[in-house]
2 protein chains.
Amino acid sequence: MKAPKISDAVIRRLPVYLRYLTYLDSLGVKTVSSQELGEKLGMNPAQIRKDLAHFGEFGCKGVGYDVPYLIEKIRQILKLDRPIPLCLVGAGHLGHALCHYTMYRQDNLRIVAVFDNDPAKIGREIGVLRIQPIEELPDTVKAKGIRIGIIAVPADAAQRVADLLVEAGIEAILNFAPVNLRVKEGVRVHHADVTLELHSLAYYLP
Amino acid sequence: MKAPKISDAVIRRLPVYLRYLTYLDSLGVKTVSSQELGEKLGMNPAQIRKDLAHFGEFGCKGVGYDVPYLIEKIRQILKLDRPIPLCLVGAGHLGHALCHYTMYRQDNLRIVAVFDNDPAKIGREIGVLRIQPIEELPDTVKAKGIRIGIIAVPADAAQRVADLLVEAGIEAILNFAPVNLRVKEGVRVHHADVTLELHSLAYYLP
DNA sequence: TAGATTGTTAATCGATTAACAATC
DNA sequence: TAGATTGTTAATCGATTAACAATC
């Protein structure tokens with residue numbers, strides 16, 4: 001649709017805007033300028049305008065941005081305007097936390113299946129979901145149209161799980177295990193790497 | 001010590017190098033070139049050399065880098081060569097996961113205290129740690145010399161906890177709550193933001 | 001209309017990559 | 001020594017910021 005590739009830096013700022021806009025909306029604020037947005041988020045207003053202008057003309061000169069309209073537009077850009085089924089692999093503490101977390105959110109990303117290979121966990125429930133044996137993953141992914149997989153298993157199992165997810169036809173992976181996953185071209189992997197965050201944080205200690 | 005500021009992008013790559021070097025070391029590999037490193041990590045070798053050269057001359061021309069020596073040096077740079085006590089606020093599923101995670105790691109970052117405000121949780125144990133009431137935070141932080149605080153509480157409590165941590169003298173915060181924290185100058189905050197990762201991942205879906 | 005704010009072009013800044021002399 | 005690889009300088013690339021005409 002859009003010829004020029006949008007940089008990842010831009011894409012990662014959109015959810016930040018979205019979150020703050022949603023907050024403004026909850027306060028009943030109808031309009032916001034890039035100036036105000038920039039002040040609150042500690043960002044350059046020109047950057048915000050430029051980021052948004054990549055995708056269309058969402059603002060109104062002399063006025064600013066209509067909050068609900070901009071929320072709608074950003075959600076469209078991020079493809080959050082349609083339901084996206086996720087699955088979770090690994091029903092440990094982290095898995096539970098993630099399940100509860102996405103369960104109570106108001107967006108269209110929803111965990112619809114949970115897998116584990118521990119017989120003690122299989123069959124137990126997290127919220128409305130029953131923990132399924134990992135062997136059921138391929139069929140369930142197809143049956144439920146699951147598009148994103150979340151890996152919340154120990155490091156030594158992560159690559160196997162990734163292979164299984166990719167084989168099942170998953171399109172993107174969010175990986176919590178502290179390992180570099182290798183996946184085929186076209187499958188996007190994001191890392192939620194606590195180790196990396198803590199290590200880089202340590203550097204900045206006085 | 002070093003006059004020119006090192007960019008955050010560089011700092012965030014160091015733990016990536018460190019992880020892979022540690023893996024190589026576990027295999028008994030003694031020496032590695034920026035070329036090999038770059039191939040395995042999907043990075044430009046020149047970038048790796050330049051990153052490292054910011055901090056000193058760690059390599060050997062014609063040979064490459066001594067793996068154990070480089071590990072030692074990166075650990076020094078990141079201040080991981082000395083024990084850094086952490087505390088965790090929020091003993092939910094995420095808190096449990098983080099506790100177990102840092103407990104079994106071989107680095108010097110160690111959670112040494114856990115706090116919660118839920119009477120049902122206070123007094124219970126996570127590994128060797130007893131969950132303490134949040135009121136004990138200031139004294140415990142001082143007594144144990146805690147330098148980094150991890151926030152794993154619901155969004156609406158996060159800012160209060162951040163204020164409490166800063167007040168207690170914490171120097172850095174890792175925040176898992178999906179809110180923008182406001183802290184005074186000099187306190188570094190990193191975000192481990194699952195929402196942001198999932199939202200940006202959704203964009204890249206085909 | 002006058003004031004405000006966008007969208008966009010141009011200028012600046014910084015980061016990545018390439019190239020190569022130094023040297024192990 | 002010859003081959004390999006670093007550390008570093010120079011070239012390239014891309015992202016951020018500033019400036020401003022367009023216009024609500």
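Protein chains get the first letters and strands the later ones, always in sequence-line order, with residue 1 at the start of each.
Side-chain contact check for B:Asp107 and A:His199: at least one donor-acceptor pair (N or O, by modelled atom type) lies under 3.5 Å. For B:Gln47 and B:Asp51, the side-chain atoms include no donor-acceptor pair closer than 3.5 Å.
Distance B:Phe55 CZ to D:dG7 P: 13 Å, rounded to the nearest Å. Summarising the geometry, the separation between CD1 on B:Ile6 and C1' on C:dG14 is reported as 14 Å, rounded to the nearest angstrom. Between the P atom of D:dT6 and the OH atom of B:Tyr69 lies a distance of 15 Å, rounded to the nearest Å. Here the C1' atom of nucleotide C:dT6 and the CD atom of A:Glu36 are 14 Å apart, to the nearest Å. Between the CG atom of B:Leu52 and the P atom of D:dG7 there is a distance of 8 Å, rounded to whole Å. Put simply, CG on A:Leu41 is 16 Å from C1' on D:dT16, counting in whole angstrom units. Nucleotide C:dT6 holds its C1' atom 13 Å from the CZ atom of A:Phe58, rounded to whole Å. One can place CD of A:Gln47 at 17 Å from C1' of D:dA19, the figure rounded to the nearest angstrom.
Heavy-atom distances to DNA chain D give each of B:Gly64 and A:Asn44 a nearest nucleotide, and the one nearer the 5′ end belongs to B:Gly64. With DNA chain C read from its 5' end, the first of the two nearest nucleotides for A:Gly62 and A:Ala53 is the one closest to A:Gly62. Of the two residues contacting DNA chain D, namely A:Val63 and A:Lys50, the nearest-nucleotide position lying further toward the 5' end is that of A:Lys50.
Checked by atom type and distance alone, the side chain of B:Asp25 never pairs as donor or acceptor with a backbone atom of B:Pro68 at under 3.5 Å.
Here C:dG7 is the nucleotide among C:dT17, D:dA18, C:dG7 with the atom lying nearest to any side-chain atom of A:Lys61. Among the nucleotides D:dT8, C:dT6, D:dT17, the one closest to the side chain of B:Arg49 is D:dT8. You'll find that the side chain of A:Ser33 is closest to C:dT6, out of C:dT8, D:dT16, C:dT6.
Annotation: side chain of B:Val183 is not in contact with side chain of B:Leu165 (no heavy-atom distance under 4.5 Å).
Residue A:Val32 forms a side-chain contact (heavy atoms from CB on, under 4.5 Å) with just one option from A:Val63, A:Asp66, A:Val67, and that option is A:Val67.
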Next on the checklist: As a check on the pairing definition, encode DNA chain C in dot-bracket form, counting Watson-Crick and G-U wobble pairs whose two distances are under 3.5 Å, and using | for partners outside this strand.
Outcome noted: ..||||||||||||||||||||||

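Smallest separation of non-hydrogen atoms from B:Ile84 and B:Lys79: CD1-O, 3.3 Å.
For C:dC24, neither phosphate oxygen OP1 nor OP2 lies less than 4.0 angstrom from any side-chain nitrogen or oxygen of B:Tyr65. Not one side-chain nitrogen or oxygen of A:Ser34 sits closer than 4.0 Å to the OP1 or OP2 atom of C:dT5.
At a threshold of 4.0 Å, the pair A:Asp193-B:Arg12 does not count as salt-bridged, since none of the basic side-chain nitrogens sits closer than that to a carboxylate oxygen.
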